[in-house]
Amino acid sequence: MSTLRLDSDIRNWVLIPITVAMFFVGIVRHNIGKLMHRDRKVDLKALREAQAVIRAERLRNNSGYLQSAGFRMRKHFFCAPETGVFNQAAKKANPQAQMLSDPTMMTSMLTKNLNFIVPNMLTAGWVNFFFTGFVVGKVPFPLTQRFRGMLQRGIELQSLDVTYISSLSWYFLNFFGLRGVFNLCLGENTLDDTQAMQQQMAMGMNTEKAFASVKENLDMLDHEFVLYVAERRAERLLRRLVSGAAVGEARAFANAEF
Amino acid sequence: MSAQSASKKLIVIDPEKVANNAKVNGVVFQFLAIVAGIVCGCLGLTDLKGFAAFVAANVAIGGAVVAKCGFKPSKYFVGIDKVIVDGASLGFGTFVLFWTLFYNICHLF
């Protein structure tokens with residue numbers, strides 16, 4: 001079947017404008033999101049507790065680099081029965097965390113979701129309103145007949161090739177495709193620590209439970225000093241250097257064991 | 001002096017660096033998806049030829065990334081298949097969009 005010839009005005013006035021409009025809407029939405037997040041207050045106590053949890057996790061992951069004495073000291077700081085960090089603060093902050101988790105955090109999560117949904121719905125409505133009833137383009141790959149209802153909304157020809165799409169399907173193509181472009185242009189969505197904490201709080205993380213689980217993990221950890229090999233390597237290196245070898249050769253000899 | 005004589009291989013992985021590498025890798029493959037989409041659309045490749053071109057381009061750029069790692073991708077990434085598969089899945093939607101757009105611009109005018 002020969003390909004349809006379509007009016008080039010459709011290209012100028014439909015395909016490209018929709019893409020450009022969606023791109024700019026995405027950028028505006030991203031900047032508005034950033035502006036709205038800036039004036040969010042940070043709760044010092046909740047932040048401190050969340051940071052303590054993160055620090056304990058980091059201690060658990062990197063305990064191999066610490067000597068036994070150092071690890072025991074840190075463990076005592078966190079887990080001691082009376083004075084340890086994890087046994088104290090939970091009581092104080094718990095009612096506060098619960099109060100906070102309802103009004104403030106809920107509204108912030110809601111606004112973030114809204115900020116994403118509303119522009120997309122508006123754009124979809126705009127596309128649907130202005131550009132219905134005609135073929136907008138052709139996708140270069142074959143599709144089955146099941147996609148006809150989805151891709152050709154508003155075009156009532158049953159015999160038209162499924163690869164010819166309507167404007168709404170072009171909107172969806174743009175929606176999925178421009179995510180990659182936004183990743184390139186706007187950078188990754190790097191949340192700083194405060195936002196990450198507050199997101200965690202909003203997910204219903206109960207401070208007490210988090211403290212209990214981290215404390216248990218630290219208690220159960222069997223500490224093993226991993227860097228003993230450093231001493232042996234240093235010995236080999238120095239021995240070679242003292243006997244007159246060049247630095248690179250000595251280093252290669254020292255590394256050769258590992 | 002320590003008495004252990006076992007020569008255990010120490011594998012030290014810094015998760016921040018791994019994440020950064022994965023991010024850079026993603027950027028490379030997304031850029032590739034845009035360029036590949038434009039090229040496929042302008043050349044008028046359809047159906048399987050277009051997808052084959054996308055796969056070939058991804059493999060080629062994957063090879064370039066591995067070459068940049070000094071042919072030891074395990075030093076920089078979690079695994080070599082992750083390098084290509086993650087990159088390809090990130091770029092697929094973008095590729096389809098630009099492929100369709102430029103195919104329409106160049107061949108349905």
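Just so it is clear, the model here is predicted, and its values are computed rather than measured. Order of the sequence lines fixes the chain letters, A, B, ..., with proteins taken first and strands second; residue numbering starts at 1 for each chain.
Heavy-atom neighbours of F172(A) CZ from other residues, nucleotides or ligands within 6.0 Å: at or below the threshold of 12. Within 6.0 Å of CH2 on W126(A) lie more than 12 heavy atoms contributed by other residues, nucleotides or ligands. In the displayed structure, F31(B) atom CZ is contacted under 6.0 Å by at most 12 heavy atoms of other residues, nucleotides or ligands.
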Quiz prompt | Audit row: W99(B), L173(A), side-chain contact (heavy atoms from CB on, under 4.5 Å) steps and yes/no | solution = CA-CA 11 Å; W99(B) 184 23; L173(A) 264 182; over 6 Å; no

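Neither the backbone nor the side chain of L48(B) comes within less than 4.5 Å of any heavy atom in chain A. Neither the backbone nor the side chain of F95(B) comes within contact range of chain A, judged by heavy atoms closer than 4.5 Å. Heavy atoms of L101(B) lying under 4.5 Å from chain A belong to its backbone as well as its side chain.
The shortest distance between side-chain heavy atoms of P140(A) and T100(B) falls below 4.5 Å. Side-chain contact between F98(B) and V181(A): present, with at least one pair of heavy atoms (C-beta onward) separated by less than 4.5 Å.
In this structure, the separation between CG on L97(B) and CZ on R179(A) is 11.5 Å, given to the nearest 0.5 Å. The CD1 atom of I105(B) sits 7.0 Å away from the CG atom of L15(A) when rounded to the nearest 0.5 Å. Separating the OG1 atom in T94(B) from the CG atom in N183(A) is a distance of 8.5 Å, to the nearest 0.5 Å.
The closest donor-acceptor contact from the side chain of N104(B) to the backbone of G137(A) lies at 3.5 Å or more, if one exists at all.
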